[in-house]
K.L.:
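Please see the structure below; I have some questions.
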Amino acid sequence: QVHLVESGGGLVQAGGSLRLSCAASGYTLTSGYTLNRYAMGWFRQASGKEREFVAAISRNGISTNYADSVKGRFTISRDNARKTMYLQMNSLKPEDTAVYYCAADYARTALEVSRGSLDYWGQGTQVTVSS
């Protein structure tokens, strides 16, 4: 079991920036296994809308995938030693307003993460971008 906790959400004006963090913990990770066993990603769900893919990163952090709507503005990264994944969000737009979720799955590629259906999810953190 892997537990994921997001942080860093909040209210920001359009054009501003936020950095989201996703801290991973759990029995598996504390028993010698490292986060490099898991591909990870970020998803978001706006009020009244379906959850959508935002960004994904491979186990070693080399490969990434981004939704077209965030390419060039968002950057996903990870620090496996710290068991943390990040989403740097720049040039935020009102349409970025949503609850952002981090997710992970064992031995998956970034491309597979982008397709969803993952085993582990965080509780979400609210990002609100004012116009």
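The model shown is predicted, which means the values in this text are computed figures rather than measured ones. FYI, side chains are in, hydrogens and waters are out, and symmetry mates aren't considered; it's all heavy atoms of this structure.
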K.L.:
Once you round to the nearest 0.5 Å, how far does CZ of Arg37 lie from CG of Asn80?
P.N.:
11.5 Å
K.L.:
How far apart are the closest heavy atoms of Ile57 and Met85, and which atoms are they?
P.N.:
CG2-SD, 4.1 Å
K.L.:
Could you tell me whether a side-chain N or O of Glu6 sits under 3.5 Å from a main-chain N or O of Thr125, the two making a donor and an acceptor?
P.N.:
no
K.L.:
Quick one: closest heavy-atom pair of Leu18 and Gly8, and the distance?
P.N.:
CD2-O, 3.9 Å
K.L.:
Say whether, by atom type as modelled, one donor and one acceptor occur between the side chain of Asp105 and the main chain of Asp119 under 3.5 angstrom.
P.N.:
yes
K.L.:
Start with the C-alpha gap between Met89 and Arg73, add the side-chain angles, then the distance that decides, and say whether side-chain contact (heavy atoms from CB on, under 4.5 Å) holds.
P.N.:
CA-CA 6 Å; Met89 308 164 65; Arg73 300 189 298 120; over 6 Å; no
K.L.:
Say whether, by atom type as modelled, one donor and one acceptor occur between the side chain of Arg44 and the main chain of Val127 under 3.5 angstrom.
P.N.:
no
K.L.:
Let's go through Gln88 and Ser17 carefully: what are the C-alpha distance in whole Å and the side-chain angles of both, what is the deciding distance for side-chain contact (heavy atoms from CB on, under 4.5 Å) to 0.1 Å, and is it a yes or a no?
P.N.:
CA-CA 8 Å; Gln88 179 65 47; Ser17 299; 4.0 Å; yes
K.L.:
Can you tell if the side chain of Thr97 reaches within under 4.5 Å of the side chain of Gln126, non-hydrogen atoms only?
P.N.:
yes
K.L.:
Could you give me the CA-CA distance, side-chain angles and deciding distance for Phe74 and Trp42, then say whether side-chain contact (heavy atoms from CB on, under 4.5 Å) is met?
P.N.:
CA-CA 11 Å; Phe74 292 8; Trp42 291 93; over 6 Å; no
K.L.:
Are Leu92 and Leu20 connected into the same hydrophobic cluster when the rule is that any two of I, L, V, M, F, W, Y join if their side-chain heavy atoms are below 4.5 Å apart?
P.N.:
yes
K.L.:
Which ILVMFWY residues are connected to Tyr101, directly or by a chain of links, through side-chain heavy atoms under 4.5 Å apart?
P.N.:
Phe43, Phe53, Val99, Val113, Leu118, Trp121
K.L.:
Arg59 and Asn36: which non-hydrogen atoms are nearest, and at how many Å?
P.N.:
CB-O, 2.9 Å
K.L.:
Locate the shortest heavy-atom distance separating Gln123 from Leu4; write the atom from each residue and the value.
P.N.:
OE1-O, 3.6 Å
K.L.:
For Tyr66 versus Thr75, what's the shortest heavy-atom pair and its separation?
P.N.:
OH-CA, 3.3 Å
K.L.:
Are Arg82 and Ser21 close enough, and set up right, to give a side-chain contact (heavy atoms from CB on, under 4.5 Å), and what steps lead you there?
P.N.:
CA-CA 11 Å; Arg82 296 181 178 180; Ser21 298; over 6 Å; no
K.L.:
Measure across Ala110 and Ala39 and return the closest heavy-atom pair with its distance rounded to 0.1 Å.
P.N.:
N-CB, 4.4 Å
K.L.:
Can Asp68 and Lys71 be counted as an ion pair, charged N to O under 4.0 angstrom?
P.N.:
yes
K.L.:
So how far is it from Tyr120 OH to Gln1 CD, rounded to the nearest 0.5 Å?
P.N.:
5.5 Å
K.L.:
Using links of under 4.5 Å between side-chain heavy atoms of ILVMFWY residues, direct or through other members, which residues join Ile62 in one cluster?
P.N.:
none
